[in-house]
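Quick caveat: nothing in here was measured; it's all calculated off a predicted structure.
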Amino acid sequence: MTTQFRSLAILTSVALAIPMLCLTPTLAHAATVDVLYTGSLIDATGDASGRTETLSFDAGAIADKLVVNVAGEGGNVATVTYNGTPLTFVAGTGGGRNKGFYYLDNPYTGGAANLSVTLTVTQSNGLAFGVVSLAGTTAGVSASAPINPSTSVSITPVIGESFVFAGHGSNGSSGGASTNAPLTRVYGGANIGSAQGTVGYENGVSAGVHNYSFTSANDSPESSAVAFAPFDDGRIEITDLFATGVNANRVALANGTIGDPHYTLTSVPSGANGNVRVGRGSGVPGAWIGDMTTSAWIGSNDSTNFNSPPGDYTAQTTFTIGSEADLSSVEIYGSWATDNGGLDILLNGSSLVTAGHITGGEISSAFGSFTDFSFGPGVSFFQHGTNTLSFVWNNAGTGSNPGGLRVGYLVGSYLEPQLVPEPRASAH
């Protein structure tokens, strides 16, 4: 939810529902930052001049911030750009092994674009970076902690429910640096060319001092962190919406995990296994979207390589809307990919396609990229309490072949009803 869209949605809701002076709204605020996509690049190759490393990255249609951490041996960072737009340096050295954090408000959201890191012309033995796209953030930076010459760093977010990104770099080519709990690792544990680097994040962080540590056996350690605050638009977050293939902390499950804690297969073709299998890495076809920490593939547990009988499949998840919600204000945003084509998305058993709430352009048609979708406000199928959301796709062909579903992100929110005063009695 970009800041602009969220604000417009509220103004529209108020204008339509209250054509008169209203009392002070009683909007409860439970805003959080939404983590959309993660990515990383590691190249331990050395060179004797400047270098540019480029990663194709899709920030997501509702992203309002991009955050990048860079680590490597030698050279300083000249520029970090996304779709040609420079990111702003915020915390780190710009050189050394932990080259710091860079961010961009309102990044390009039209699909995959090039994220490029360029070093100066001094010697570089290797380079790595991790990236996270976010939605629901306040513009700019909430707090930052520049380089600490240690394997730990402390940062003090000033607003609760903040997002913290913490990174580490050190010298040496053995051992491997790693993030420690409560951080969710984006990359780490690999030699990046005479240096080690790692970065991880924690979401929903309370205001106050927080310390983050890293494990590293190498010398010259450098750690830094940056925090971003949630945008307060008065909307209440739906907290039990999940991407496919993740645990309760929204971290991708291991390849081959049987069962998804948030999704079940409610319909499969004849001969298919009705249990869910989670797939990542070498466990899924190479043409499918690759690994991220924020989602994984799911499908029928028919084989280790996701070969399953042809036909239509339905995966269902549930979420909760509070009894205080104005159901006409509920909004859901997400992205999905399928093998083969997506057919429909159902809300509480009703087709969003047939009702016109999901258009043809929002139906998944690929397994190598995500398709974004959204519905609401104004959808009549929402209900207080438990709601079901079902994704329907078809595995084409005449025999068993790869088939699966991936929901890349799934976020939602709503408003409470506004308080409207009783009309005044006429004076005579």
Side-chain angles (χ1 to χ4, degrees), residues 58 111-112 242-246 252-292 294-318 332 334-373 375 381 388-410:
D58 188 340
F242 291 85
T244 52
V246 299
L253 297 165
N255 178 54
T257 299
I258 304 302
D260 183 312
H262 310 110
Y263 287 80
T264 58
L265 290 174
T266 58
S267 178
V268 297
S270 176
N273 189 306
N275 295 320
V276 170
R277 183 181 186 87
V278 177
R280 303 184 70 204
S282 60
V284 300
W288 286 7
I289 299 170
D291 285 355
M292 300 174 188
T294 47
S295 67
W297 284 92
I298 65 170
S300 174
N301 184 35
D302 291 291
S303 68
T304 58
N305 59 4
F306 276 72
N307 282 338
S308 56
D312 295 346
Y313 292 77
T314 301
Q316 181 175 285
T317 188
T318 62
I332 303 288
S335 66
W336 63 323
T338 54
D339 189 348
N340 290 87
L343 299 178
D344 204 349
I345 300 177
L346 310 178
L347 174 60
N348 292 322
S350 296
S351 167
L352 293 170
V353 172
T354 301
H357 299 303
I358 295 289
T359 65
E362 296 174 298
I363 295 298
S364 169
S365 59
F367 44 76
S369 61
F370 287 110
T371 300
D372 295 298
F373 63 85
F375 51 94
F381 307 144
T388 62
L389 193 62
S390 302
F391 297 87
V392 186
W393 75 98
N394 174 262
N395 187 23
T398 58
S400 184
N401 69 98
L405 165 73
R406 179 131 170 215
V407 177
Y409 65 86
L410 194 60

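Note that the CH2 atom of W393 and the CG atom of L343 stand 10.0 Å from one another [nearest 0.5 Å]. For the atom pair CH2 of W297 and CZ of F306, the computed distance is 9.0 Å after rounding to the nearest 0.5 Å. Distance check, rounded to the nearest 0.5 Å: CD1 of I298 to CG of D260 gives 5.0 Å. Atom CZ of R406 is separated from atom OG1 of T338 by 13.0 Å, given to the nearest 0.5 angstrom. Here the NE2 atom belonging to H357 is positioned 13.0 Å from the CD1 atom belonging to I332, to the nearest 0.5 angstrom. Annotation: the span from L352 atom CG to D344 atom CG amounts to 7.0 Å, rounded to 0.5 Å.
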**Q.** Residues S400, N307; criterion side-chain hydrogen bond (donor to acceptor under 3.5 Å, both in side chains); working and verdict
**A.** CA-CA 6 Å; S400 184; N307 282 338; 5.1 Å; no
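Counting heavy atoms from C-beta outward, V246 and Y263 have side chains that stay 4.5 Å or more apart. Side-chain atoms of S308 and Y313, non-hydrogen and from C-beta on, do get closer than 4.5 Å to each other. In this structure the side chain of F373 reaches within 4.5 angstrom of the side chain of L410, judged on heavy atoms. The shortest side-chain heavy-atom distance between N401 and N395 falls under the 4.5 Å cut-off. Using a 4.5 Å cut-off on side-chain heavy atoms (C-beta onward), S267 and D312 make no contact. Contact check for W336 versus I345: side-chain heavy atoms found under the 4.5 Å cut-off.
No donor-acceptor pair under 3.5 Å is formed between the side chain of S335 and the backbone N or O of F370. At distances below 3.5 Å, not a single donor-acceptor pair connects side-chain atoms of S364 with backbone N or O atoms of T371. A donor-acceptor pair under 3.5 Å links the side-chain atoms of S300 to the main chain of N273, judged by distance alone. Side-chain atoms of D339 do not come within 3.5 Å of backbone N or O of F367 as any donor-acceptor pair. Using a distance-only test at 3.5 Å, with no hydrogens or angles considered, no donor-acceptor pair links the side chain of D302 to the main chain of A272.
Closest non-hydrogen pair, P309 versus S270, comes out as CB-O, 4.1 Å. Considering all non-hydrogen atoms of both residues, R277 and S303 come closest at CD-O, 3.5 Å. Nearest heavy atoms, A254 versus T257: O-OG1, 2.7 Å. Closest approach of P310 to A396, counting heavy atoms only: CB-O, 4.1 Å.
Side-chain atoms of R280 and N255 form no donor-acceptor pair, as typed in the model, at a separation below 3.5 Å.
Between L405 and the choices V392, T244, V276, T314, the side-chain contact (heavy atoms from CB on, under 4.5 Å) rule is met once, by T244.
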